[in-house]
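The basis for the numbers below is simple: all heavy atoms, side chains too, and nothing from hydrogens, waters or symmetry mates. Every chain is numbered from 1, with letters handed out A, B, ... down the list of sequences.
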Protein chains: 2
Amino acid sequence: MPDEFLLDEQACFALYAASRAVTDTYRPLLGELGLTYPQYLVLLVLWESDARPVKEIGEALHLDYGTLSPLLKRLEANGLVTRARLPADERTVVISLTEQGRTMRTRASAVPSAIGCALGLDDASRRELITTLRRLTASAAAYSLGGFDAQP
Amino acid sequence: MPDEFLLDEQACFALYAASRAVTDTYRPLLGELGLTYPQYLVLLVLWESDARPVKEIGEALHLDYGTLSPLLKRLEANGLVTRARLPADERTVVISLTEQGRTMRTRASAVPSAIGCALGLDDASRRELITTLRRLTASAAAYSLGGFDAQP
DNA sequence: TCGGGTTACCTTGCGCACGATGTAATCGTG
DNA sequence: CACGATTACATCGTGCGCAAGGTAACCCGA
């Protein structure tokens with residue numbers, strides 16, 4: 001029987017390595033724009049729909065406050081977003097794009113296609129990969145929450 | 001035409017999210033053993049073949065010295081590995097498992113199958129995923145090195 | 001053999017990522 | 001209305017992950 005501990009047999013390590021390889025590809029492109037990959041992801045969320053509470057951004061990216069709070073303060077310090085308490089609910093902080101944050105979308109317009117080339121996936125296999133990874137993410141999340149005992 | 005900036009269309013984000021979801025699954029299992037996921041990966045490498053220089057471990061895991069040096073010192077502090085200069089070449093540091101490091105393999109014997117269950121992949125789709133991710137990793141790495149101009 | 005280049009590793013600084021803890025605002029219930 | 005619970009966020013500590021800058025050991029050609 002095959003060794004279960006073999007690195008090459010583990011989807012987890014392939015995933016871990018691929019994820020880092022991809023962000024390595026983003027780094028020089030985003031570096032020219034003064035962005036990191038997680039910061040770019042936050043902008044993607046805001047470009048889709050602006051003026052969202054921190055909570056929604058966290059849900060979209062699966063990131064918690066401990067990660068987002070300082071990240072958003074850096075985006076604010078760089079003049080890309082503003083942070084404002086909602087008058088109707090002083091607990092929630094709404095993140096909005098500045099003019100510079102909106103302009104960044106144009107400046108970054110070459111990024112998605114460059115990455116698309118770098119990964120070398122045709123449209124079909126890209127979609128298939130996304131489907132597989134989403135199923136895997138959901139399965140892992142379900143396991144992390146309840147384990148297998150949580151079934152009825 | 002579809003918006004290239006849409007988060008849901010990006011394989012990169014699916015990859016990023018899946019990778020973190022998987023390490024989230026490892027965390028409680030490895031936490032009981034006093035390990036982190038990268039530390040576990042180093043042990044996987046050493047369980048395959050013991051007494052290897054830092055350089056080889058780095059090549060196997062695609063990690064640089066800046067990441068490995070402190071990580072290995074933590075493993076040493078926890079009594080799982082030793083670090084020794086090679087007499088034949090005083091530059092290279094050889095990492096070897098301690099008795100406790102070898103025992104850890106037994107203690108961790110339940111981890112791979114637990115993760116296998118959590119991910120919910122049958123053997124065929126697991127292998128296919130690994131193949132896709134390796135191709136993607138190689139493609140991204142090639143792009144990062146030379147870009148498209150590097151072609152003959 | 002000697003001096004420049006290379007190699008293997010270490011350290012520092014910064015930015016995630018996450019658990020744990022704290023705080024103020026809001027909600028719900030008696 | 002009071003007050004305990006919940007919600008939304010901030011902060012702190014630890015451990016990656018990577019770039020940049022170091023140091024000592026080794027190699028190699030003149």
Side-chain angles (χ1 to χ4, degrees), chain A residues 13 16-28 30-32 34-43 52-59 61-78 80-81 83-95 140-141 144, chain B residues 13 16-28 30-32 34-42 52-59 61-78 81 83-95 140-141 144:
Chain A
F13 173 65
Y16 167 80
S19 178
R20 282 188 299 116
V22 169
T23 54
D24 280 354
T25 306
Y26 271 103
R27 202 182 317 281
L30 297 179
E32 286 186 20
L35 294 174
T36 65
Y37 183 61
Q39 289 169 11
Y40 173 71
L41 289 179
V42 168
L43 292 182
R52 304 175 74 169
V54 178
K55 178 185 167 66
E56 284 187 22
I57 298 175
E59 285 167 353
L61 301 179
H62 309 166
L63 289 172
D64 67 359
Y65 294 107
T67 301
L68 281 177
S69 279
L71 188 156
L72 292 169
K73 294 186 87 167
R74 281 188 286 271
L75 281 180
E76 185 186 32
N78 294 339
L80 297 170
V81 305
R83 290 150 21 89
R85 295 274 170 185
L86 200 63
D89 185 344
E90 289 284 339
R91 290 172 304 177
T92 88
V93 170
V94 173
I95 308 295
S144 296
Chain B
F13 173 65
Y16 167 80
S19 178
R20 283 188 298 118
V22 169
T23 54
D24 279 355
T25 306
Y26 272 102
R27 203 180 316 280
L30 297 179
E32 286 186 19
L35 293 174
T36 65
Y37 182 61
Q39 289 170 11
Y40 173 71
L41 289 179
V42 168
R52 305 175 72 168
V54 178
K55 178 185 166 67
E56 284 187 22
I57 299 175
E59 286 167 353
L61 300 179
H62 311 166
L63 288 172
D64 68 0
Y65 294 108
T67 301
L68 280 177
S69 278
L71 188 157
L72 292 169
K73 294 187 86 166
R74 281 187 287 271
L75 281 180
E76 185 185 32
N78 293 340
V81 305
R83 290 147 25 87
R85 296 274 169 186
L86 201 62
D89 184 344
E90 289 283 341
R91 291 172 301 178
T92 86
V93 171
V94 173
I95 308 296
S144 296

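Within the nucleic acid shown, A/Leu68 has no heavy atom closer than 4.0 Å to any nucleic acid atom. Contact annotation for A/Leu71: backbone-only contact, meaning every heavy-atom pair under 4.0 Å involves sugar-phosphate atoms and none involves a base. Residue B/Thr67 is classed as a base contact, given a heavy-atom separation below 4.0 Å to a base. Note on B/Asp89: only backbone sugar-phosphate atoms sit closer than 4.0 angstrom, heavy atoms only; bases stay farther off.
Closest contact between the side chain of A/Val93 and the listed nucleotides C/dC16, D/dA10, D/dG17 involves D/dA10. Checking D/dC18, C/dC18, C/dC10 against every side-chain atom of B/Arg20, the shortest atom distance belongs to C/dC18. Looking at the side chain of A/Arg91, the nearest of the listed nucleotides C/dC10, D/dT6, D/dC9 is D/dT6. Relative to the side chain of A/Gln39, the nucleotides C/dC9, C/dC16, D/dC18 differ in distance, and C/dC16 lies closest. Closest approach to the A/Ser69 side chain among C/dC10, C/dC18, D/dC9 is made by D/dC9 (side chain taken as heavy atoms from C-beta onward). With C/dC9, D/dG15, C/dT26 as the candidates, the nucleotide lying closest to the side chain of B/Thr36 is D/dG15. Looking at the side chain of A/Pro38, the nearest of the listed nucleotides D/dC18, D/dG15, C/dC16 is C/dC16.
Take the nearest nucleotide of DNA chain D for A/Val94 and for B/Tyr37: the residue whose nucleotide is more 5' is A/Val94. Each of A/Pro87 and A/Gly66 lies near DNA chain C, and the nucleotide nearest A/Gly66 is the one positioned closer to the 5' end.
Taking atom CG on A/Leu35 and atom P on C/dG15, their separation rounds to 13 Å, with Å as the unit. The nearest whole Å value for the distance from the CG atom in B/Leu72 to the P atom in D/dC16 is 10 Å. Atom P of nucleotide D/dT11 and atom CZ of A/Arg74 are separated by 12 Å, given to the nearest angstrom. We find that OH of A/Tyr65 is positioned 18 Å from P of C/dA20, with the value rounded to whole Å. Regarding B/Leu86, its CG atom lies at a distance of 14 Å from the P atom of D/dA25, rounded to whole Å. The distance from atom CZ of B/Arg27 to atom C1' of C/dA20 is 14 Å, rounded to the nearest whole Å. Rounded to whole Å, atom C1' of C/dC9 lies 17 Å from atom CZ of B/Arg52. Protein atom OH of A/Tyr26 is 17 Å distant from nucleotide atom C1' of C/dC16, rounded to whole Å.
In terms of phosphate contacts, B/Tyr16 brings a side-chain nitrogen or oxygen within less than 4.0 Å of OP1 or OP2 of C/dA17. Between B/Lys73 and C/dC10 there is no side-chain N or O to OP1 or OP2 distance below 4.0 Å. One finds a side-chain N or O of A/Arg83 lying less than 4.0 angstrom from the OP1 or OP2 phosphate oxygen of D/dA10.
Looking at A/Arg52 and A/Val94, their side chains never come closer than 4.5 Å, going by heavy atoms from C-beta outward. Side-chain atoms of A/Leu61 and B/Tyr16, non-hydrogen and from C-beta on, never get closer than 4.5 Å to each other. Inter-residue side-chain proximity for B/Val42 and B/Leu68 is flagged as met; some heavy-atom pair is nearer than 4.5 Å.
For the atom pair A/Asn78 CG and A/Lys73 NZ, the distance stands at 13.5 Å (nearest 0.5 Å).
Salt bridge status for B/Glu76 with B/Arg83: present, with a side-chain N to carboxylate O gap under 4.0 Å.
Between the side chains of B/Thr92 and B/Asp89, no donor-acceptor pair is found at a separation under 3.5 Å.
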